[in-house]
Amino acid sequence: MIGLLMAAATGTAASVAALRVSRFRPPAGAADPADLEGLDADAAAARLAELVRIPTVSSREPGEVDAAAFARFRERLVQLYPATHGALDREVLGDGALLYRWRSGTDLPPLVLMAHYDVVPVAGQEWSRDPFSGLIEDGLIHGRGAIDDKGALVAIFEAVESLVTAGFTPARDVYLSFGNDEEVAGVGAALAVETLTARGVRPWAVLDEGGAVVSGVFPGVPGPTAVVGLAEKGLLDVELITTDGGGHASAPVRGGAPARLARAILRIEDNPFPARLHEVVLGMVDALGRYSPLGYRVLFAHAEYLRPALAAVLSRASREANALVRTTVAITQLEGSAAANVLATRARAHANIRIALGETVQSTLDRLRRVIDDPSVELRVVSGNDPSPVSRADNEAFALVGAAVRSVYPDAAVAPYVMVQASDARHFSQICDSVYRFMPFDLSRDELAALHAADERISVAALHRGAGFFRYLIRHL
Ligand SMILES: [Zn+2]
């Protein structure tokens with residue numbers, strides 16, 4: 001494709017293109033030095049380990065939730081961060097969502113820092129260490145929630161505790177909103193939004209879990225990149241259902257319920273949703289492409305004019321990159337007859353769908369029906385959310401997030417991106433146009449792969465830098 005581009009760009013066009021490429025460089029300017037005063041890496045690690053030991057596992061079945069563990073977690077926070085709990089107002093919403101307010105004495109719109117303290121289960125996973133031991137070994141803190149999202153919660157508390165202890169008052173109010181049911185798409189964060197809305201509070205910016213500092217994920221960019229989510233894809237759960245008369249398996253019918261269901265699934269598989277380069281992904285290419293070697297830079301500098309081609313390149317680059325450019329469908333459950341020798345009267349598949357920006361629940365369902373092209377396949381919507389609005393990246397708040405990143409990761413390129421998972425942050429999009437999804441931790445590919453899986457862990461150093469990130473952010477409001 002680069003060759004094609006070169007061939008097309010002749011004469012003046014070539015010199016314009018060359019100028020464009022030569023200017024397509026990383027932004028100049030040195031980063032502020034890291035601000036890690038009053039932050040003790042080992043003490044923070046020990047506190048995170050303690051909180052990992054409290055098994056706050058969430059479940060969609062209320063009876064399976066260990067409410068005592070959640071209560072113990074909230075009490076332990078008070079003991080671990082006494083200065084914070086002395087200086088900030090705290091309220092418990094619903095079944096245990098926490099909302100803190102750090103008063104500035106000004107009327108400026110506040111900053112909201114979010115995290116959640118529930119974790120996903122460990123059942124069926126092969127851990128090499130006890131997931132709730134909070135073991136610290138070779139500079140790593142092990143256990144469920146070490147990153148997602150007790151790591152972020154601890155980094156926030158470490159920053160606030162150090163600043164309160166030093167007698168610091170923020171330039172605008174800072175709210176801490178910690179959900180207790182994020183992993184089961186619960187109501188904790190929605191209650192926080194309701195509470196703030198009722199009080200007429202409209203945040204200046206909101207920061208929640210999301211992207212991280214990663215290396216080697218963007219083609220041609222070997223160094224660390226901090227990807228900050230400006231939006232998240234929509235989430236749609238649909239059941240595909242076919243029915244049939246049933247009967248004995250010794251006399252089957254052609255085109256029975258399972259066969260029609262299978263055909264529908266294959267049609268979806270063979271007709272993926274179109275790949276498109278959304279504005280946000282274009283922004284990511286623009287920000288990261290500047291750090292790539294010349295060959296790639298020629299391409300990325302002209303990303304705006306090469307959107308279809310770039311979308312195609314990304315869709316083939318990796319499954320993660322593919323998820324950035326299109327609506328994806330994962331068939332996660334299949335069900336037929338309950339007995340081995342009985343024809344199915346009903347066959348069911350569950351489709352977990354992540355809707356790309358620019359599309360909706362409705363447009364997704366319409367396309368699925370068109371592709372399946374079989375009225376005997378019923379689509380039953382279990383739940384559905386449209387993609388979130390896109391947050392601003394042209395403002396002070398986004399620039400501050402970038403500066404805070406560079407203060408602790410001076411080599412990192414900062415780029416916007418689209419989060420492919422759902423998060424609590426989407427609730428805040430209703431009352432704020434600057435909702436950012438970012439975890440200030442540098443994570444290896446293996447560490448990223450351990451999210452929601454076995455052997456979740458975070459390095460003591462990353463936790464320390466994360467606390468430094470929040471400290472910088474709060475000090476520069
Ligand atoms: Zn999480």
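All ligand and atom numbering here is 1-based and tracks the order in the structure. Below, all heavy atoms of this structure are taken into account, side chains as well, without hydrogens, waters or symmetry copies.
For the salt bridge (Lys or Arg N to Asp or Glu O under 4.0 Å) test with Asp173, the passing option among Arg103, Arg101, Arg202 is Arg101; the others fail. Of the candidates Arg367, Lys233, Arg276, Arg276 is the only one forming a salt bridge (Lys or Arg N to Asp or Glu O under 4.0 Å) with Glu359. Of the listed residues (Val154, Thr165, Val160), just one forms a side chain to side chain contact (heavy atoms under 4.5 Å, CB included) with Tyr81, and that residue is Val154.
Rounded to 10°, the angle formed at the Zn ion (ligand 1) by NE2 of His116 and OD1 of Asp148 is 90°.
Within the 2.8 Å limit, Glu182 places no N, O or S atom next to the Zn ion (ligand 1). For a distance bound of 2.8 Å, the N, O or S atoms of Asp149 include none lying that close to the Zn ion (ligand 1).
Closest N/O/S atom of Glu209 to the Zn ion (ligand 1): OE1.
By the 4.5 Å heavy-atom criterion applied to side chains, Asp148 and Glu183 are counted as neighbours.
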